[in-house]
Undergrad: 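Below is one structure. I have some questions about it.
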Amino acid sequence: LMRMRLTARDEDQFVYSVTLTNAGKARDADVKNLSLGTRAGTLTDVVASMAGDKVTLTFDPPLRLDRGEDILLLLKGDVRASRKKTIDFEVEEASDITAGRATGSATVQ
């Protein structure tokens with residue numbers, strides 16, 4: 001459904017969650033079983049459906065990105081909408097990505 005690249009520019013980061021907004025016409029159960037991951041597998045919880053035009057996906061455990069590292073994430077889901085219902089996911093604001101500075105190699109709980 002979507003590809004997005006996250007990059008940790010200046011310092012190591014933990015990414016906790018990402019909220020995506022569908023700028024298209026699909027809503028609620030038009031898209032089901034949403035998750036973010038890589039080709040190797042799923043990294044977030046699987047969310048049953050959007051809440052209106054939004055979905056928040058939580059990394060479990062948090063995704064660690066070391067300084068300068070980037071990752072290509074794939075949004076996967078089951079489309080149940082007709083052709084008239086468009087899908088165009090985006091991160092509306094920087095605050096839609098919940099992240100924090102990673103210190104050392106400790107695991108966040």
Side-chain angles (χ1 to χ4, degrees):
L1 296 174
M2 181 181 111
R3 291 183 201 172
M4 69 182 291
R5 184 172 304 278
L6 292 180
T7 303
R9 291 190 182 174
D10 300 326
E11 58 190 8
D12 299 347
Q13 296 281 318
F14 279 115
V15 182
Y16 301 103
S17 67
V18 175
T19 299
L20 299 171
T21 302
N22 180 28
K25 294 182 180 180
R27 297 288 183 265
D28 299 313
D30 290 337
V31 184
K32 294 185 170 197
N33 303 318
L34 294 141
S35 65
L36 278 173
T38 64
R39 291 182 183 195
T42 302
L43 299 174
T44 65
D45 55 348
V46 177
V47 176
S49 65
M50 295 184 292
D53 64 349
K54 295 185 185 296
V55 61
T56 298
L57 300 159
T58 303
F59 291 90
D60 186 22
L63 175 64
R64 182 186 174 104
L65 291 176
D66 293 327
R67 185 181 71 169
E69 181 181 10
D70 66 6
I71 187 169
L72 179 65
L73 296 174
L74 307 172
L75 176 65
K76 298 178 184 179
D78 301 323
V79 178
R80 305 286 186 198
S82 68
R83 288 181 178 226
K84 294 179 183 180
K85 303 271 183 134
T86 56
I87 299 170
D88 183 18
F89 282 104
E90 59 187 27
V91 175
E92 277 190 324
E93 302 174 15
S95 63
D96 288 341
I97 298 176
T98 305
R101 184 173 44 165
T103 55
S105 60
T107 302
V108 173
Q109 297 182 5

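For the single chain, residues carry numbers from 1 onward in sequence order.
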Undergrad: Hey, does the side chain of Thr38 reach the backbone of Ala40 with a donor-acceptor pair shorter than 3.5 angstrom?
TA: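 Checked: pair present.
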Undergrad: Could you report the tightest heavy-atom contact between Phe14 and Pro62, atom names first, then the distance?
TA: CD2-CB, 4.0 Å
Undergrad: Report yes if some heavy atom in the side chain of Leu57 is under 4.5 Å from a heavy atom in the side chain of Val47; otherwise report no.
TA: yes
Undergrad: Can you find a pair of side-chain heavy atoms, one from Met4 and one from Val18, that are under 4.5 Å apart?
TA: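 In short, these two side chains touch, coming nearer than 4.5 Å.
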Undergrad: Which heavy atom of Asn22 sits nearest a heavy atom of Met50, and at what distance?
TA: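 Smallest heavy-atom distance, with atoms named: CB-SD, 4.1 Å.
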Undergrad: Find out whether Thr44 and Leu36 are in side-chain contact, i.e. whether some heavy atom of one side chain is under 4.5 Å from a heavy atom of the other.
TA: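 They are in contact (side-chain heavy atoms under 4.5 Å apart), so the answer is yes.
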Undergrad: Output all residues satisfying side-chain hydrogen bond (donor to acceptor under 3.5 Å, both in side chains) with Lys32, sequence neighbours left out; order by chain, then residue number.
TA: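 Partners of Lys32 by the side-chain hydrogen bond (donor to acceptor under 3.5 Å, both in side chains) criterion come out as none, since no residue qualifies.
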Undergrad: What's the verdict on side chain to side chain contact (heavy atoms under 4.5 Å, CB included) for Leu74 and Arg3, showing C-alpha distance, side-chain angles and the deciding distance?
TA: CA-CA 5 Å; Leu74 307 172; Arg3 291 183 201 172; 3.6 Å; yes
Undergrad: So, taking the atom named CG in Asp53 and the one named CG in Leu20, what distance separates them when rounded to the nearest 0.5 Å?
TA: 11.0 Å
Undergrad: Rounded to the nearest 0.5 Å, what separates atom CG in Leu43 from atom OG1 in Thr58?
TA: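 These two atoms lie 12.5 Å from each other.
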Undergrad: Are Leu34 and Leu1 close enough that some pair of their side-chain heavy atoms sits under 4.5 Å apart?
TA: yes
Undergrad: Membership question, hydrophobic clusters at under 4.5 Å side-chain separation (ILVMFWY): are Tyr16 and Leu73 in the same one?
TA: no
Undergrad: Rounded to the nearest 0.5 Å, what separates atom CG in Asp12 from atom CG in Leu65?
TA: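 If I round to the nearest 0.5 Å, the distance is 9.0 Å.
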Undergrad: To check you understand the geometry: which heavy-atom pair defines the closest contact between Ser49 and Ala29, and what is its length?
TA: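 Smallest heavy-atom distance, with atoms named: CB-CA, 3.9 Å.
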Undergrad: What pair of heavy atoms forms the shortest contact from Gly24 to Arg27, and how long is it?
TA: O-NH1, 2.8 Å
Undergrad: How about CZ on Arg67, more than 12 heavy atoms from neighbouring residues, nucleotides or ligands closer than 6.0 Å, or not?
TA: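 Counting other residues, nucleotides and ligands, CZ of Arg67 stays at 12 neighbours or fewer.
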Undergrad: If you count the non-hydrogen atoms of other residues, nucleotides and ligands that lie under 6.0 Å from CG in Asp10, is the total more than 12?
TA: no
Undergrad: Give the minimum heavy-atom separation between Ala99 and Gln13, together with the two atoms involved.
TA: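 Heavy-atom minimum between the residues: CB-OE1, 3.8 Å.
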Undergrad: Partners of Asn33 by side-chain contact (heavy atoms from CB on, under 4.5 Å), sequence neighbours excluded?
TA: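 Testing Asn33 for side-chain contact (heavy atoms from CB on, under 4.5 Å), a comparison that skips the adjacent residues, returns Val46, Asp78.
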Undergrad: Measuring from atom CD1 of Ile97 to atom OG of Ser17, what distance do you get when rounded to the nearest 0.5 angstrom?
TA: 9.0 Å
Undergrad: Enter the distance from Glu90:CD to Met2:CE here, rounded to the nearest 0.5 Å.
TA: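 Rounded to the nearest 0.5 Å, the CD-CE separation comes out at 9.0 Å.
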Undergrad: When rounded to the nearest 0.5 angstrom, what distance separates CG in Asp96 from NZ in Lys54?
TA: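 Atom-to-atom, Asp96:CG and Lys54:NZ are 6.0 Å apart.
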Undergrad: Check this for me: does any side-chain nitrogen of one of Arg64 and Glu69 sit under 4.0 Å from a carboxylate oxygen of the other?
TA: no
